[in-house]
Amino acid sequence: MPELPEVETTRRHIAPVLEGARISAVELGRDRMARRNMRPQDIPERLLGRRVGRVGRRGKFLLIEVEGDLTWVIHLGMSGRMRITSPSDPLDPHTQLVVTTDRGDQVRLIDPRTFGFVAVFTPEELEHDSLAALGPDALEELPDAATLGARLAGRRAPIKALLLDQRILAGLGNIYADEVLFRARVRPTRPGGDLTPEELADLVAAIPEVLLAGVEMGGTSLDDLAYLLPDGRAGEYLDRLMVYGRAGEPCLVCGTPIERVVVAQRSSHFCPTCQR
DNA sequence: AACGATCCCTGTTGGC
DNA sequence: TGCCAACAGGGATCGT
(Lines give C-alpha, C1' and ligand atoms only; values in the text may rest on other atoms or scores of the structure.)
Protein backbone atom coordinates (compact mmCIF):
# COMPACT_ATOMS: atom_id res chain seq x y z
CA MET A 1 0.00 0.00 0.00
CA PRO A 2 1.31 3.42 -0.76
CA GLU A 3 2.51 5.05 2.43
CA LEU A 4 5.12 7.77 2.86
CA PRO A 5 8.07 5.83 1.36
CA GLU A 6 6.06 4.76 -1.68
CA VAL A 7 4.69 8.27 -2.23
CA GLU A 8 8.16 9.79 -1.80
CA THR A 9 9.65 7.30 -4.25
CA THR A 10 6.86 8.16 -6.68
CA ARG A 11 7.51 11.86 -6.17
CA ARG A 12 11.20 11.50 -6.94
CA HIS A 13 10.43 9.70 -10.18
CA ILE A 14 7.74 12.02 -11.52
CA ALA A 15 9.30 15.32 -10.39
CA PRO A 16 11.90 15.57 -13.18
CA VAL A 17 9.27 14.64 -15.76
CA LEU A 18 6.72 17.21 -14.63
CA GLU A 19 8.65 20.15 -13.19
CA GLY A 20 8.90 22.94 -15.72
CA ALA A 21 6.81 21.12 -18.29
CA ARG A 22 3.56 22.41 -19.73
CA ILE A 23 0.48 20.20 -19.63
CA SER A 24 -0.82 19.56 -23.12
CA ALA A 25 -3.49 16.92 -22.48
CA VAL A 26 -5.45 15.56 -19.53
CA GLU A 27 -7.64 12.48 -19.53
CA LEU A 28 -9.60 11.45 -16.44
CA GLY A 29 -10.73 7.86 -16.06
CA ARG A 30 -13.62 7.42 -13.71
CA ASP A 31 -15.50 10.43 -12.41
CA ARG A 32 -15.19 8.96 -8.93
CA MET A 33 -11.49 9.86 -8.96
CA ALA A 34 -12.43 13.54 -8.78
CA ARG A 35 -13.66 13.95 -5.24
CA ARG A 36 -13.24 16.56 -2.55
CA ASN A 37 -15.92 18.79 -4.08
CA MET A 38 -14.27 18.70 -7.48
CA ARG A 39 -16.33 18.26 -10.60
CA PRO A 40 -14.65 15.79 -12.95
CA GLN A 41 -14.30 18.44 -15.66
CA ASP A 42 -12.47 20.74 -13.25
CA ILE A 43 -9.39 18.53 -13.45
CA PRO A 44 -8.64 18.96 -17.16
CA GLU A 45 -10.02 22.50 -17.25
CA ARG A 46 -7.66 23.68 -14.56
CA LEU A 47 -4.55 21.76 -15.65
CA LEU A 48 -4.64 22.16 -19.41
CA GLY A 49 -2.04 24.50 -20.87
CA ARG A 50 -0.49 25.33 -17.52
CA ARG A 51 3.15 24.99 -16.52
CA VAL A 52 4.05 22.72 -13.59
CA GLY A 53 6.10 23.98 -10.66
CA ARG A 54 7.52 22.06 -7.73
CA VAL A 55 6.38 18.49 -7.16
CA GLY A 56 6.05 18.18 -3.40
CA ARG A 57 4.69 15.80 -0.85
CA ARG A 58 3.14 15.98 2.58
CA GLY A 59 2.38 12.68 4.27
CA LYS A 60 0.83 10.48 1.62
CA PHE A 61 -0.34 13.41 -0.52
CA LEU A 62 1.45 14.50 -3.65
CA LEU A 63 1.15 18.30 -3.85
CA ILE A 64 2.11 19.70 -7.21
CA GLU A 65 2.36 23.42 -7.84
CA VAL A 66 0.67 24.51 -11.03
CA GLU A 67 0.89 27.89 -12.75
CA GLY A 68 -1.94 30.17 -11.64
CA ASP A 69 -1.52 29.51 -7.91
CA LEU A 70 -3.14 26.08 -8.18
CA THR A 71 -2.26 22.93 -6.27
CA TRP A 72 -2.66 19.63 -8.05
CA VAL A 73 -3.31 16.99 -5.41
CA ILE A 74 -2.85 13.27 -6.01
CA HIS A 75 -3.51 10.60 -3.41
CA LEU A 76 -2.70 7.00 -4.29
CA GLY A 77 -5.25 5.51 -1.89
CA MET A 78 -4.51 1.88 -1.26
CA SER A 79 -3.98 0.54 -4.77
CA GLY A 80 -2.78 3.56 -6.71
CA ARG A 81 0.53 3.79 -8.52
CA MET A 82 1.96 6.09 -11.14
CA ARG A 83 3.68 5.30 -14.39
CA ILE A 84 5.89 7.36 -16.64
CA THR A 85 5.26 6.39 -20.24
CA SER A 86 5.24 7.64 -23.77
CA PRO A 87 1.82 8.38 -25.31
CA SER A 88 2.08 5.31 -27.55
CA ASP A 89 2.36 2.84 -24.66
CA PRO A 90 -0.84 0.81 -24.23
CA LEU A 91 -3.03 1.80 -21.30
CA ASP A 92 -2.92 -0.41 -18.24
CA PRO A 93 -6.29 -1.58 -16.93
CA HIS A 94 -7.69 0.83 -14.33
CA THR A 95 -5.83 3.83 -15.67
CA GLN A 96 -7.57 6.75 -13.96
CA LEU A 97 -5.56 9.76 -15.09
CA VAL A 98 -3.33 10.42 -18.07
CA VAL A 99 -1.41 13.69 -18.23
CA THR A 100 0.67 14.50 -21.30
CA THR A 101 3.35 17.19 -21.27
CA ASP A 102 4.71 19.39 -24.03
CA ARG A 103 7.92 17.36 -23.81
CA GLY A 104 6.05 14.31 -25.02
CA ASP A 105 6.01 12.44 -21.72
CA GLN A 106 3.00 10.93 -20.08
CA VAL A 107 2.40 10.54 -16.37
CA ARG A 108 -0.38 8.11 -15.56
CA LEU A 109 -2.26 7.15 -12.43
CA ILE A 110 -3.41 3.55 -12.24
CA ASP A 111 -5.76 2.63 -9.41
CA PRO A 112 -7.92 -0.52 -9.48
CA ARG A 113 -9.78 0.14 -6.21
CA THR A 114 -10.25 3.85 -6.77
CA PHE A 115 -9.55 4.78 -3.17
CA GLY A 116 -7.13 7.31 -4.55
CA PHE A 117 -8.22 10.67 -5.86
CA VAL A 118 -7.20 13.72 -7.85
CA ALA A 119 -8.00 17.36 -7.22
CA VAL A 120 -6.82 20.76 -8.44
CA PHE A 121 -7.34 23.36 -5.75
CA THR A 122 -7.28 27.12 -5.61
CA PRO A 123 -5.64 28.48 -2.44
CA GLU A 124 -9.12 29.09 -1.03
CA GLU A 125 -10.23 25.52 -1.69
CA LEU A 126 -7.00 24.11 -0.30
CA GLU A 127 -7.56 25.99 2.91
CA HIS A 128 -11.03 24.51 3.37
CA ASP A 129 -10.05 20.97 2.51
CA SER A 130 -9.24 18.43 5.21
CA LEU A 131 -5.70 18.59 3.87
CA ALA A 132 -5.34 21.73 5.93
CA ALA A 133 -5.67 19.64 9.09
CA LEU A 134 -2.87 17.30 8.07
CA GLY A 135 -0.25 16.88 10.77
CA PRO A 136 3.49 17.35 10.34
CA ASP A 137 5.18 15.15 7.76
CA ALA A 138 6.64 12.08 9.47
CA LEU A 139 9.96 12.52 7.68
CA GLU A 140 10.42 16.22 6.94
CA GLU A 141 8.68 17.71 9.97
CA LEU A 142 9.01 15.03 12.62
CA PRO A 143 8.33 16.48 16.06
CA ASP A 144 10.63 15.70 18.98
CA ALA A 145 9.61 13.24 21.68
CA ALA A 146 8.30 15.91 24.04
CA THR A 147 6.13 17.49 21.34
CA LEU A 148 4.71 14.16 20.25
CA GLY A 149 4.17 13.23 23.89
CA ALA A 150 2.13 16.38 24.39
CA ARG A 151 -0.05 15.43 21.42
CA LEU A 152 -0.61 11.96 22.85
CA ALA A 153 -1.12 13.00 26.47
CA GLY A 154 -4.41 11.78 27.88
CA ARG A 155 -5.27 9.77 24.81
CA ARG A 156 -6.65 6.30 25.53
CA ALA A 157 -6.77 5.06 21.95
CA PRO A 158 -4.16 2.45 21.00
CA ILE A 159 -0.88 4.01 19.88
CA LYS A 160 -1.26 2.18 16.57
CA ALA A 161 -4.55 3.98 15.91
CA LEU A 162 -2.98 7.32 16.80
CA LEU A 163 -0.01 6.71 14.50
CA LEU A 164 -2.47 6.08 11.67
CA ASP A 165 -4.25 9.38 12.40
CA GLN A 166 -2.84 11.69 9.74
CA ARG A 167 -3.77 14.76 11.78
CA ILE A 168 -1.23 13.77 14.42
CA LEU A 169 1.53 12.66 12.08
CA ALA A 170 1.29 12.46 8.31
CA GLY A 171 2.70 9.55 6.36
CA LEU A 172 2.49 6.34 8.37
CA GLY A 173 0.12 3.64 7.14
CA ASN A 174 -0.58 0.15 8.33
CA ILE A 175 2.69 -1.46 7.26
CA TYR A 176 5.17 1.15 8.47
CA ALA A 177 3.23 1.82 11.69
CA ASP A 178 3.69 -1.84 12.64
CA GLU A 179 7.36 -1.71 11.68
CA VAL A 180 7.97 1.50 13.64
CA LEU A 181 6.30 0.10 16.75
CA PHE A 182 8.40 -3.06 16.54
CA ARG A 183 11.58 -1.03 16.27
CA ALA A 184 10.47 1.11 19.23
CA ARG A 185 9.59 -2.06 21.18
CA VAL A 186 6.08 -0.77 21.91
CA ARG A 187 2.94 -2.90 21.45
CA PRO A 188 0.36 -1.48 19.04
CA THR A 189 -2.39 -1.92 21.64
CA ARG A 190 -0.82 0.35 24.26
CA PRO A 191 -2.88 3.46 25.03
CA GLY A 192 -1.08 6.36 23.38
CA GLY A 193 -1.11 8.48 26.52
CA ASP A 194 0.62 5.76 28.55
CA LEU A 195 3.92 5.80 26.68
CA THR A 196 6.87 6.69 28.90
CA PRO A 197 9.33 9.44 27.86
CA GLU A 198 11.83 6.69 27.00
CA GLU A 199 9.29 4.94 24.78
CA LEU A 200 8.38 8.23 23.10
CA ALA A 201 12.07 8.81 22.40
CA ASP A 202 12.40 5.31 20.95
CA LEU A 203 9.31 5.90 18.83
CA VAL A 204 10.54 9.21 17.44
CA ALA A 205 13.92 7.64 16.69
CA ALA A 206 12.36 4.63 14.97
CA ILE A 207 10.17 6.64 12.60
CA PRO A 208 12.91 8.10 10.35
CA GLU A 209 14.98 4.91 10.57
CA VAL A 210 12.13 2.85 9.16
CA LEU A 211 10.87 5.44 6.68
CA LEU A 212 14.30 6.31 5.27
CA ALA A 213 15.11 2.64 4.79
CA GLY A 214 11.76 2.30 3.03
CA VAL A 215 12.57 5.19 0.71
CA GLU A 216 16.05 3.80 -0.02
CA MET A 217 14.55 0.44 -0.99
CA GLY A 218 11.96 2.08 -3.23
CA GLY A 219 9.04 1.23 -0.95
CA THR A 220 7.21 -2.01 -0.29
CA SER A 221 5.67 -4.04 -3.13
CA LEU A 222 3.62 -6.69 -1.37
CA ASP A 223 2.89 -8.72 -4.49
CA ASP A 224 3.18 -8.31 -8.23
CA LEU A 225 -0.17 -6.55 -8.50
CA ALA A 226 0.32 -4.04 -5.73
CA TYR A 227 2.43 -0.90 -5.65
CA LEU A 228 5.14 -0.50 -8.27
CA LEU A 229 7.58 2.30 -8.95
CA PRO A 230 6.77 4.68 -11.85
CA ASP A 231 9.31 2.83 -13.99
CA GLY A 232 7.54 -0.48 -13.33
CA ARG A 233 10.06 -1.86 -10.87
CA ALA A 234 9.01 -3.38 -7.55
CA GLY A 235 9.98 -1.78 -4.24
CA GLU A 236 12.26 -3.99 -2.18
CA TYR A 237 11.45 -3.08 1.40
CA LEU A 238 9.31 -6.25 1.57
CA ASP A 239 12.51 -8.14 2.37
CA ARG A 240 13.12 -5.87 5.37
CA LEU A 241 9.75 -6.22 7.06
CA MET A 242 10.20 -7.44 10.63
CA VAL A 243 6.55 -8.01 11.64
CA TYR A 244 4.04 -6.93 9.00
CA GLY A 245 2.46 -9.96 7.35
CA ARG A 246 4.56 -12.35 9.44
CA ALA A 247 1.90 -13.63 11.89
CA GLY A 248 2.92 -17.03 13.26
CA GLU A 249 6.46 -16.73 11.92
CA PRO A 250 9.39 -16.40 14.35
CA CYS A 251 10.45 -12.94 15.45
CA LEU A 252 13.69 -12.13 13.64
CA VAL A 253 15.16 -10.85 16.91
CA CYS A 254 14.05 -13.38 19.54
CA GLY A 255 12.25 -16.21 17.74
CA THR A 256 8.89 -15.77 19.47
CA PRO A 257 5.99 -16.25 17.01
CA ILE A 258 4.70 -12.92 15.72
CA GLU A 259 1.11 -12.23 16.77
CA ARG A 260 -1.67 -10.58 14.79
CA VAL A 261 -4.44 -8.54 16.40
CA VAL A 262 -6.96 -6.10 15.00
CA VAL A 263 -6.42 -2.50 16.11
CA ALA A 264 -8.39 0.40 14.66
CA GLN A 265 -10.04 -2.06 12.24
CA ARG A 266 -6.63 -2.84 10.77
CA SER A 267 -4.46 -5.92 11.13
CA SER A 268 -1.55 -5.28 13.46
CA HIS A 269 1.51 -7.46 13.89
CA PHE A 270 3.85 -7.49 16.86
CA CYS A 271 6.31 -9.61 18.84
CA PRO A 272 4.86 -10.32 22.30
CA THR A 273 8.37 -10.68 23.73
CA CYS A 274 10.17 -7.71 22.17
CA GLN A 275 7.26 -5.26 22.43
CA ARG A 276 5.83 -4.11 25.79
C1' DA B 1 -13.82 15.74 22.02
C1' DA B 2 -12.52 11.22 21.52
C1' DC B 3 -13.19 6.90 19.82
C1' DG B 4 -14.91 3.01 17.34
C1' DA B 5 -17.62 1.33 13.49
C1' DT B 6 -18.99 1.60 8.72
C1' DC B 7 -18.55 2.56 4.02
C1' DC B 8 -16.34 3.00 -0.46
C1' DC B 9 -13.97 -0.62 -4.20
C1' DT B 10 -12.13 -4.78 -6.64
C1' DG B 11 -8.34 -8.28 -7.13
C1' DT B 12 -6.83 -12.02 -4.47
C1' DT B 13 -7.24 -15.69 -1.26
C1' DG B 14 -9.03 -19.50 1.22
C1' DG B 15 -12.53 -22.69 2.45
C1' DC B 16 -15.67 -26.06 0.99
C1' DT C 1 -11.50 -28.08 -9.90
C1' DG C 2 -14.66 -24.35 -9.31
C1' DC C 3 -17.34 -21.22 -6.88
C1' DC C 4 -18.07 -17.55 -3.67
C1' DA C 5 -17.55 -15.27 0.71
C1' DA C 6 -14.07 -13.08 3.16
C1' DC C 7 -10.28 -10.12 3.17
C1' DA C 8 -7.12 -6.20 2.28
C1' DG C 9 -6.89 -0.91 3.67
C1' DG C 10 -6.76 5.27 3.50
C1' DG C 11 -9.74 8.40 4.53
C1' DA C 12 -14.50 10.39 5.20
C1' DT C 13 -18.34 10.16 7.94
C1' DC C 14 -21.45 8.91 11.50
C1' DG C 15 -23.12 7.39 16.06
C1' DT C 16 -22.16 7.12 20.87
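Letters A, B, ... are given to chains in the order of the sequence lines, protein chains preceding strands, and every chain is numbered from 1. For clarity, every value in this text was computed on a predicted model and none was experimentally measured.
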Problem set entry | Backbone of A/Arg183 reached by a side-chain donor or acceptor of A/Asp202 within 3.5 Å | no

For this session: Starting at atom CG of A/Leu134, determine the distance to atom P of C/dG10, rounded to an integer number of angstrom.
Result: 14 Å

Exercise. Any idea which of C/dG9, B/dC3, B/dG11 is nearest the A/Asn174 side chain?
Worked result: C/dG9

For this session: For the helix from B/dA2-C/dT16 to B/dC16-C/dG2, figure out the bend between the end axes, five pairs an end, and round to 10 degrees.
Result: 60°

Exercise. Is the A/Phe117 ring parallel, tilted or perpendicular to the A/His75 ring (thresholds 30°, 60°)?
Worked result: parallel

Exercise. Roughly how many Å is it from CG in A/Leu164 to C1' in C/dA8, rounded to a whole number?
Worked result: 14 Å

Problem set entry | Residue-phosphate contact under 4.0 Å: A/His94 side-chain N/O, B/dG11 OP1/OP2 | yes

Exercise. Got a sec: does the CZ of A/Arg240 have more than 12 other heavy atoms crowding it under 6.0 Å?
Worked result: no

Exercise. Separation of A/Arg113 atom CZ from B/dC7 atom P, in whole Å?
Worked result: 18 Å

Seminar exercise, completed: Whole-Å distance, A/Met78 CE to C/dC7 P, equals 14 Å

Exercise. Are any of A/Gln265's side-chain N or O atoms less than 4.0 Å away from OP1 or OP2 of C/dG9?
Worked result: no

For this session: Looking at every strand, decide which applies to A/Tyr176 at a 4.0 Å heavy-atom threshold: base, sugar-phosphate, or nothing.
Result: nothing

Exercise. A/Arg266 or A/Pro158: which one's nearest nucleotide on DNA chain B is closer to the 5' end?
Worked result: A/Pro158

Exercise. Hey, is A/Phe115 stacking on C/dG11? Ring centres under 5.5 Å, planes under 30°.
Worked result: no

For this session: Say whether A/Thr10 and A/Arg57, considering side chains only, have a donor N or O and an acceptor N or O under 3.5 Å apart.
Result: no

Problem set entry | Any side-chain heavy-atom pair of A/Leu152 and A/Leu200 under 4.5 Å | yes

Exercise. Rounding to a whole Å, what distance do you find between A/Leu152:CG and B/dA2:P?
Worked result: 12 Å

For this session: Classify the nucleic acid contact of A/Arg260 as base, sugar-phosphate or nothing, counting any heavy atom under 4.0 Å across all strands shown.
Result: sugar-phosphate

For this session: Examine C/dG10: is either OP1 or OP2 under 4.0 Å from a nitrogen or oxygen in the side chain of A/Arg36? Give yes or no.
Result: no

Exercise. What does A/Arg35 touch in the nucleic acid at a heavy-atom separation under 4.0 angstrom: a base, only the sugar-phosphate, or nothing?
Worked result: nothing

For this session: Output yes when at least one side-chain N/O atom of A/Ser267 is less than 4.0 Å from OP1 or OP2 of C/dG9, else no.
Result: yes

For this session: For the side chain of A/Ser130, starting at C-beta, report the closest nucleotide among C/dA12, C/dG11, B/dC9.
Result: C/dA12

Exercise. Within this structure, what is the CZ-to-C1' distance between A/Arg32 and C/dG10, rounded to whole angstrom?
Worked result: 11 Å

Problem set entry | Below 4.0 Å: OP1/OP2 of C/dA8 and any side-chain N or O of A/Ser79 | no

Problem set entry | Ring centres under 6.0 angstrom apart (A/Tyr237, A/Tyr176) | yes

Problem set entry | Atom-pair distance (CD1 on A/Ile175; P on C/dG10), nearest Å | 8 Å

Exercise. Of the nucleotides B/dC3, B/dG4, B/dC8, which one has an atom closest to the side chain of A/Arg155?
Worked result: B/dC3

Problem set entry | C/dG10 OP1/OP2 closer than 4.0 Å to side-chain N/O of A/Tyr227 | no

For this session: Whole angstrom is fine here: how far is it from CG in A/Leu163 over to C1' in C/dG10?
Result: 15 Å

Problem set entry | Any side-chain donor near an acceptor of the partner, A/Arg30 and A/Thr114, under 3.5 Å | no

For this session: Output the rest of the hydrophobic cluster of A/Val263: all Ile, Leu, Val, Met, Phe, Trp and Tyr residues reachable through side-chain heavy-atom contacts under 4.5 Å, sorted by chain and number.
Result: A/Val261, A/Phe270

